[in-house]
Amino acid sequence: VNEPAIRIRPLTTIEECREVAALERRIWGYTDSEDVVPPPVLIVSIKRGGILLGAFQPSVTTGQETMVGFVYSLPGIKDDRVKTQWSHMLGVVPEARGLGLGTSLKRAQFEYALKQGIELIEWTYDPLQTMNAHFNLSTLGAIVSEYEVNIYGESSSPLHRGTPTDRFLAEWHITEPHVRRRLDAASGPVLRDQSLVNAPVINPSIAGSSWIRPGAATDDFEARRVLVEIPTGFTEMLAREPSLALEWRLATREIFQRYFRQGYRVVDFFLAKDRGQYLVVRRSNDVTGGSR
Ligand SMILES: CC(C)(COP(=O)(O)OP(=O)(O)OC[C@H]1O[C@@H](n2cnc3c(N)ncnc32)[C@H](O)[C@@H]1OP(=O)(O)O)[C@@H](O)C(=O)NCCC(=O)NCCS
């Protein structure tokens, strides 16, 4: 219906940086200001290569703009050179989700990074959050080969409560054709290849009352491709059954650390009703595994 278009643009003033901090509190529910990036840090980092973009929705009646989402990254050194944008936050207010804004903000971040000659954007996310897994791997085409244990410690966000803040380190190789294909396919699901259906699930789950439970994991380092299962509804599990959430955290930590040590990486994610499956593939010699 005739909604005015949402506009994405770089944020440049301290007032806008304060609005970002306010959005952080709203989106992540932080109660401790220590968890919010301070506006003075935002403002200095954008003067030296940080990328801070806001999504603005104009009011139908007054035309006045409201910030409904943002993305923030800072330049990072990797392999002894300025090589990456470290994306610390992407957030969209709950009432504006599912409209493609998250994807548009990442696309815009991608364009600004390319203008700087940067070909890699990295960020962390919780491997047990299935919506984020879907967004990062299926929609954006990021891949993962590093696992961080309890990287942020315990934060004041209810999204984090109760279990160690283990994270996947997502790598978004923005000049790879794979990423372009995923972004261009964003309007439809990417079809699952028959060979993937045959990849063994190495940790078949056990049926449970509200959530599936972690099953015994076997290593299958003979297989080039394996599937690792995770439950859906992890945020709710954290609140309602924290001991099960912790079991899932520890079980999947073991699996991913073992597979990453053997040279595998996570290249895709499939979502079903009560579970998601990560596709974990042994690294070949090319950079991001063109044939996966
Ligand atoms: C993650 C987030 C930024 C996505 O924003 P968004 O504007 O809803 O994203 P989009 O509309 O572009 O959707 C991206 C994809 O993820 C799916 N998706 C992501 N979050 C979703 C949600 N909460 N509900 C439904 N679908 C969601 C969409 O269906 C879409 O999939 P598709 O490409 O197959 O259609 C937003 O949900 C958010 O702010 N979450 C809380 C903060 C957070 O977790 N940030 C870290 C992101 S790694």
Side-chain angles (χ1 to χ4, degrees), residues 3 5-8 19-30 35-37 51-57 66-73 85-111 121-144 146 148 151-152 155-161 163 165-172 174 178-192 230 232-236 238-239 266 268-273 276-278:
E3 290 273 335
I6 292 175
R7 203 160 70 90
I8 293 175
E19 270 187 74
V20 167
L23 278 192
E24 277 179 66
R25 286 199 176 81
R26 242 189 97 193
I27 293 169
W28 282 270
Y30 291 128
D35 294 315
V36 173
V37 181
I51 301 173
L52 178 61
L53 307 172
F56 290 88
Q57 184 161 43
T66 314
M67 201 190 290
V68 291
F70 72 97
V71 64
Y72 172 59
S73 64
Q85 278 281 337
W86 184 277
S87 188
H88 183 55
M89 288 177 303
L90 166 70
V92 171
V93 296
E95 58 275 19
R97 287 185 195 159
L99 305 173
L101 260 189
T103 311
S104 301
L105 280 162
K106 290 302 283 187
R107 255 180 207 273
Q109 181 186 51
F110 166 131
E111 298 298 342
I121 302 177
E122 298 172 290
W123 61 90
T124 62
Y125 83 93
D126 185 339
L128 293 173
Q129 291 288 349
T130 46
M131 286 318 303
N132 286 352
H134 168 77
F135 179 53
N136 291 328
L137 303 192
S138 315
T139 307
L140 301 179
I143 61 164
V144 181
E146 284 179 56
E148 296 281 346
I151 182 169
Y152 304 118
S155 86
S156 61
S157 168
L159 294 177
H160 302 160
R161 183 176 47 208
T163 71
T165 47
D166 287 19
R167 294 291 179 264
F168 266 178
L169 205 165
E171 296 165 39
W172 202 27
I174 58 180
H178 166 70
V179 168
R180 212 20 109 180
R181 278 199 302 273
R182 285 301 165 101
L183 279 177
D184 292 343
S187 50
V190 176
L191 289 180
R192 194 169 172 165
I230 63 166
T232 54
F234 188 67
T235 302
E236 210 189 333
L238 277 174
V266 176
D268 213 343
F269 184 73
F270 310 107
L271 192 52
K273 194 160 179 282
Q277 290 180 337
Y278 281 109

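Note that ligands are numbered from 1 as they come in the structure, with each ligand's atoms numbered from 1 the same way.
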Notebook entry, point to check: Considering only heavy atoms from C-beta outward, does the side chain of Leu137 approach that of Val144 to under 4.5 Å?
Noted result: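 Yes, close enough: below the 4.5 Å cut-off.
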Next item on the list: Decide yes or no for Phe168 and Asn136: does some side-chain heavy atom of the first lie under 4.5 Å from some side-chain heavy atom of the second?
Entry: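 When only atoms from C-beta onward are counted, Asn136 and Phe168 do not touch, as no gap falls below 4.5 Å.
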Item checked: Any donor-acceptor N/O pair, Thr232 side chain to Ala272 backbone, under 3.5 Å ->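 Such a contact is absent between Thr232 side chain and Ala272 backbone.
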Notebook entry, point to check: Which residue pairs pass the side chain to side chain donor-acceptor pair (under 3.5 Å) test when at least one of the two sits in residues 88-98, sequence neighbours left out?
Noted result: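 Output for this query lists Arg26-Glu95.
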Could you work out, for [atom], the closest of [options] by heavy-atom distance?
atom: atom 17 (C) of ligand 1; options: His88, Met131, Arg182, Arg107; value: Met131
atom: atom 37 (O) of ligand 1; options: Glu24, Arg97, Gln129, Met89; value: Arg97
atom: atom 1 (C) of ligand 1; options: Asn132, Leu99, Val93; value: Asn132
atom: atom 8 (O) of ligand 1; options: Ala170, Gly98, Gly102; value: Gly98

So if I count the atoms of ligand 1 from 1 in the order they appear, which ones are less than 4.0 Å from some heavy atom of [X]?
X: Leu101; value: 7 (O), 11 (O), 12 (O)
X: His134; value: 16 (O), 17 (C), 31 (O), 32 (P), 34 (O)
X: Gly91; value: 39 (O)
X: Thr139; value: 15 (C), 31 (O), 32 (P), 33 (O), 34 (O)

Check: Have Glu148 and Thr124 got a donor and an acceptor in their side chains that come within less than 3.5 Å?
Finding: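 There is no such pair between these side chains.
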Within-cut-off N or O pair, [X] and ligand 1, under 3.5 Å:
X: Thr103; answer: yes
X: Phe135; answer: no
X: Asn136; answer: no
X: Ile27; answer: no

Checklist line | Matching residue for Val71 among Ile51, Leu105, Val92, Leu101 - test: side chain to side chain contact (heavy atoms under 4.5 Å, CB included) | finding: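 Single side chain to side chain contact (heavy atoms under 4.5 Å, CB included) partner of Val71 among Ile51, Leu105, Val92, Leu101: Leu105.
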Check: Atom CG in Leu271, atom CD in Gln277: separation rounded to 0.5 Å?
Finding: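 Reported value, rounded in 0.5 Å steps: 10.0 Å.
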Margin query: Return the CD to CD distance between Gln85 and Gln109, rounded to the nearest 0.5 Å.
Written below: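 Gln85 CD to Gln109 CD: 7.0 Å, rounded to 0.5 Å.
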Notebook entry, point to check: What part of Leu90 sits under 4.0 Å from ligand 1 if we count only heavy atoms: the side chain, the backbone, both or neither?
Noted result: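 Contact part for Leu90 vs ligand 1: both backbone and side chain.
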Notebook entry, point to check: What residues, two or more places apart in sequence or in another chain, satisfy ring-ring contact (aromatic ring centres under 6.0 Å, His included) together with Phe70?
Noted result: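 Here no residue qualifies.
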